Amino acid sequence: MTVNPITNLLGMPRADLERLFADMGEKTFRARQMMQWVYGRSVLHLDDMTDLSKTLRHSLDGHVEFGLPQVHERHDAADGVIKWSLRAGGSQAIETVFIPEENRGTLCVSSQVGCAMDCPFCATGRQGFNRNLSEAEIVGQVMLAKRELDAVDGPRISNVVFMGMGEPLANLRAVIKAVDILLDDFGFGLSRRRVTVSTSGLVPQLRKLGAESNVALAVSLHAPNDALRDVLVPINRRYPIAELLDACWDYARMTNLKDVTFEYVMLADVNDSVEQAHELSRLLVNRPAKVNLIPFNPFPGSDYRRSPQVAVDRFRQILLEAGIITVTRKTRGDDIAAACGQLAGQVNNRVRTPLSGKLLSSKMQQDQLQ
Ligand code: SAH
Ligand code: SF4
């Protein structure tokens, strides 16, 4: 007797679900019906999906599930930010953060357990990498947050950003599926401008994302020249700034995106000088680019310091004078360590490889491009 593993249907794109039903001899519209229950009404039990025939429910029973991640801890900050720490197998944990603002509610999701990119100013990077999350685990973060917010008639999730733990483009296959569900009218139905993938700059994967999806893009630039970026974002040694920016302009053109957001974490006396602001503006001027200056969020053991406000204002002014839209990101959820780059979860480190090394050429990375 063979025991089939139970398939988690959460995160399965509509086209795949339709194929599954077709293979069962069912009508493909069953996929849309099921998705309306799951994503529209947050119903996760087959028994409750009353417009699916009893026979169909019976044949699915025991073979499929809609499994959510398990909550390890939930923290509520004074400013309304919520952070969930979710179990990711064994003693591992990932984090998901909800940030309510006046006109929107942004959910920041994780894409990996840890991160192999090793950026020295990032708590996730310091922990090393364990594994990729599945599409079910990514979509599960959104579903779980939505259910907990809806249960208390709380604010809605209007935006999803892949800015939690992990490098989304190193887990491209699962991220593309998750994005598909986020944008699908029978999924979460978000507009493509409200779903943002943030990347440290894996160029081949970025080009593939542009060919297969059209979501908003944020790129962690953090330095205006290769010498400094090689240190702050070590993947730069593999894909230097000129190559990365070319891929960004192509992405904007292919996807018809008004602009790419460049994230720039402000580190005192490292990347916040007047000269560096001019250097950055020369890279981005007259391009489909806007800049997001992020205050550095310290974490235990970090060596960097936050730039003083006057340095941030000066830097911003120079970019504005070059005609580049530049905003300064507010820090939220500070009291529960929920801000950008502070997400640490619990990672039992398996790979902590400086990027010049074997990790990037490994099969694992190549697999994501097939
Ligand atoms: N791996 C992706 C997405 C996750 S990180 C990326 O790097 O883009 C999300 C953002 O937080 C990135 O711009 C990252 O550089 C930034 N970040 C990381 N550590 C930070 C810190 N300590 N303070 C402020 N921002 C940080
Ligand atoms: Fe990974 Fe992004 Fe952190 Fe760099 S900044 S280590 S890419 S999560």
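Computed from a predicted model, the values in this text were never measured in an experiment. Read the numbers this way: they start at 1 and go in the same order the structure lists the ligands and their atoms.
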What part of [X], side chain from CB on, backbone N/CA/C/O, both or neither, has a heavy atom under 4.0 Å from ligand 1?
X    : answer
M117 : neither
I294 : side chain
A123 : neither
E167 : both
T199 : backbone

Would [X] count as a contact residue for ligand 1, given that I'm defining contact as a non-hydrogen atom of the residue lying under 4.0 Å from a ligand atom?
X    : value
G164 : yes
P295 : yes
F162 : yes
S200 : yes

Within a radius of less than 6.0 Å around CG of D23, do more than 12 heavy atoms belonging to other residues, nucleotides or ligands occur?
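Count over threshold, so yes.
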Give the numbers and elements of all ligand 1 atoms closer than 4.0 Å to a heavy atom of N297.
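Those qualifying, in numeric order: 21 (C), 22 (N), 23 (N), 24 (C).
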Counting each atom of ligand 1 from 1 as listed, which ones have a heavy atom of C122 under 4.0 Å away?
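Near C122, meaning under 4.0 Å from one of its heavy atoms, ligand 1 has 18 (C), 19 (N).
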Just to verify, what does D184 make a salt bridge (Lys or Arg N to Asp or Glu O under 4.0 Å) with, not counting sequence neighbours?
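By the salt bridge (Lys or Arg N to Asp or Glu O under 4.0 Å) rule, D184 matches R14.
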Taking atom 1 (Fe) of ligand 2 as the center, what protein N, O or S atoms are found at less than 2.8 Å?
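Less than 2.8 Å away from atom 1 (Fe) of ligand 2 sit C115 SG.
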Mind checking whether L68 and L86 have side chains closer than 4.5 Å, heavy atoms only?
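Of all side-chain heavy-atom pairs linking L86 with L68, none is under 4.5 Å.
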Would you check if V38 and L44 make a side-chain contact, meaning some heavy-atom pair closer than 4.5 Å?
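V38 vs L44: side chains touch.
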Side-chain donor-acceptor contact under 3.5 Å, R193 with N159:
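Per modelled atom types, R193 and N159 side chains form no pair under 3.5 Å.
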State whether a side-chain donor-acceptor pair under 3.5 Å links T199 with E167.
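There is such a pair between these side chains.
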Got a salt bridge between [X] and [Y], using NZ or NE/NH1/NH2 to carboxylate O under 4.0 Å?
X    : Y    : result
D250 : R253 : yes
R19  : D16  : yes
D118 : R126 : yes

Kindly confirm or rule out an N or O of G166 lying under 3.5 angstrom from an N or O of ligand 1.
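Between G166 and ligand 1, an N or O pair is found under 3.5 Å apart.
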For ligand 1 and F121, I'd like to know whether there is a polar contact (N/O to N/O, distance under 3.5 Å).
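F121 vs ligand 1: N/O contact under 3.5 Å present.
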With clusters defined by side-chain heavy atoms of hydrophobic residues (ILVMFWY) lying less than 4.5 Å apart, directly or transitively, does V231 cluster with M266?
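Result: no, two separate clusters.
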What pair of heavy atoms forms the shortest contact from L232 to Y304, and how long is it?
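Taking every non-hydrogen atom into account, CD2-OH, 3.7 Å.
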Show the numbers, then the answer: is there a side chain to side chain donor-acceptor pair (under 3.5 Å) between R30 and Q33?
CA-CA 5 Å; R30 297 292 180 205; Q33 279 181 318; 2.8 Å; yes
Candidate with minimal heavy-atom separation from atom 14 (C) of ligand 1, of M266, H222, E263, R306:
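It is H222 that holds the nearest heavy atom.
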Answer yes if a protein heavy atom lies under 4.0 Å from atom 4 (Fe) of ligand 2, otherwise answer no.
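Looking at atom 4 (Fe) of ligand 2, one finds that a protein heavy atom does lie closer than 4.0 Å.
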Give the intermediate values and the outcome of side chain to side chain contact (heavy atoms under 4.5 Å, CB included) for residues F296 and R305.
CA-CA 7 Å; F296 171 61; R305 284 173 302 116; 5.7 Å; no
